[in-house]
Amino acid sequence: SIMHSSKHCVVPSVYLVLINGGKILLARRFNTGYMDGFYSFPAGHLNGKETVMQAVIREGKEEVGVDVQPKDLTLIHVVSRKGNDAERVGFFFRAEAWEGTPMIMEKDKCDDLQWFALDAIPENTVDYVKQAIATFRVGKPYSEFGW
């Protein structure tokens, strides 16, 4: 085996999937410097002191003001993605239940939040997010993007 002097780094990210009555909640990115004007899920990165599940719960609260309990979360998809700057792994969790009405909490990073029919995802949805939706809808837990 080949010895590596440094460990390979992969950046994890989390996505909160809320589905209600056949509609899915998407937020339009604004002023973030990445894919602005495109829809994605409430999402973010780990802060270094939390689990993947704790991160998705925190992001749901910070970005759309909902409270989700760990027991109501199910990991429904993982995307292994080659980004421009780094290799990334995205964890998509579906919340079966939540408290609160989703609303834009960070107006400096999001300028639209709405429910879309699962078969009518906006064209301007982040490409790998669109792929994740299509893939978890057919029951597949894993996909790759950008390799």
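Contact record, A95 with L18: CB-CD2, 3.6 Å, taken as the closest heavy-atom pair. Across G37 and N124, no two heavy atoms sit closer than the pair O-ND2, 2.9 Å. Contact detail for H45 and S13: the closest heavy-atom pair is CD2-CB, 4.0 Å. Residues P102 and L25 come closest through the heavy atom pair CB-CD2, 3.6 Å. K130 and T125 make their closest contact through CE-O, 3.7 Å (heavy atoms, listed as atom of the first residue, atom of the second, distance).
Looking at T135 and H77, their side chains never bring a donor and an acceptor atom within 3.5 Å of each other. Using modelled atom types, one finds a donor on one side chain and an acceptor on the other under 3.5 Å when comparing S143 with Q131.
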Item checked: Candidate pair V56 and F91, rule side-chain contact (heavy atoms from CB on, under 4.5 Å), full reasoning -> CA-CA 9 Å; V56 78; F91 298 88; over 6 Å; no
Next item on the list: Go through D119 and R137 one step at a time and tell me if the side-chain contact (heavy atoms from CB on, under 4.5 Å) criterion holds.
Entry: CA-CA 10 Å; D119 54 5; R137 283 190 71 197; 4.0 Å; yes
Check: Going through the distances and angles, do T74 and E96 end up as a side-chain contact (heavy atoms from CB on, under 4.5 Å)?
Finding: CA-CA 8 Å; T74 305; E96 301 300 326; 3.9 Å; yes
Next item on the list: Could you give me the CA-CA distance, side-chain angles and deciding distance for V78 and V89, then say whether side-chain contact (heavy atoms from CB on, under 4.5 Å) is met?
Entry: CA-CA 7 Å; V78 174; V89 176; 3.6 Å; yes
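Among residues at least two apart or in separate chains, side chain to side chain donor-acceptor pair (under 3.5 Å) pairs with a member in residues 102-111 are R28-D111. Counting only residues at least two apart or in different chains, side chain to side chain donor-acceptor pair (under 3.5 Å) contacts with residues 63-72 comprise K61-D67. Pairs engaging residues 32-50 under the salt bridge (charged side-chain N to carboxylate O under 4.0 Å, His left out) rule: E50-R58 [sequence neighbours left out].
Under the 4.5 Å side-chain heavy-atom criterion for ILVMFWY residues, no single connected hydrophobic cluster contains both L75 and V11. Hydrophobic clustering places V66 together with W115 (ILVMFWY residues linked when any side-chain heavy atoms are closer than 4.5 Å, directly or through intermediates).
Using a 4.5 Å heavy-atom cutoff, the side chains of V52 and L46 are in contact. The closest side-chain heavy-atom distance from M53 to P70 is below 4.5 Å.
The CZ atom of R29 sits 9.5 Å away from the SG atom of C110 when rounded to the nearest 0.5 Å.
Under a 4.5 Å side-chain heavy-atom cut-off, the cluster of Ile, Leu, Val, Met, Phe, Trp and Tyr residues that includes F145 is completed by Y15, V17, I19, I24, L26, Y34, M35, F38, Y39, F41, I76, V79, F92, F116, L118, I121, V126, Y128, V129, I133, F136. Hydrophobic side-chain contacts under 4.5 Å tie F30 to no other Ile, Leu, Val, Met, Phe, Trp or Tyr residue. Other members of the hydrophobic cluster containing M105, listed by chain and number, are M103; membership follows side-chain contacts under 4.5 Å among ILVMFWY residues, whether direct or relayed.
The backbone N or O of T51 sits less than 3.5 Å from a side-chain atom of Q54, completing a donor-acceptor pair.
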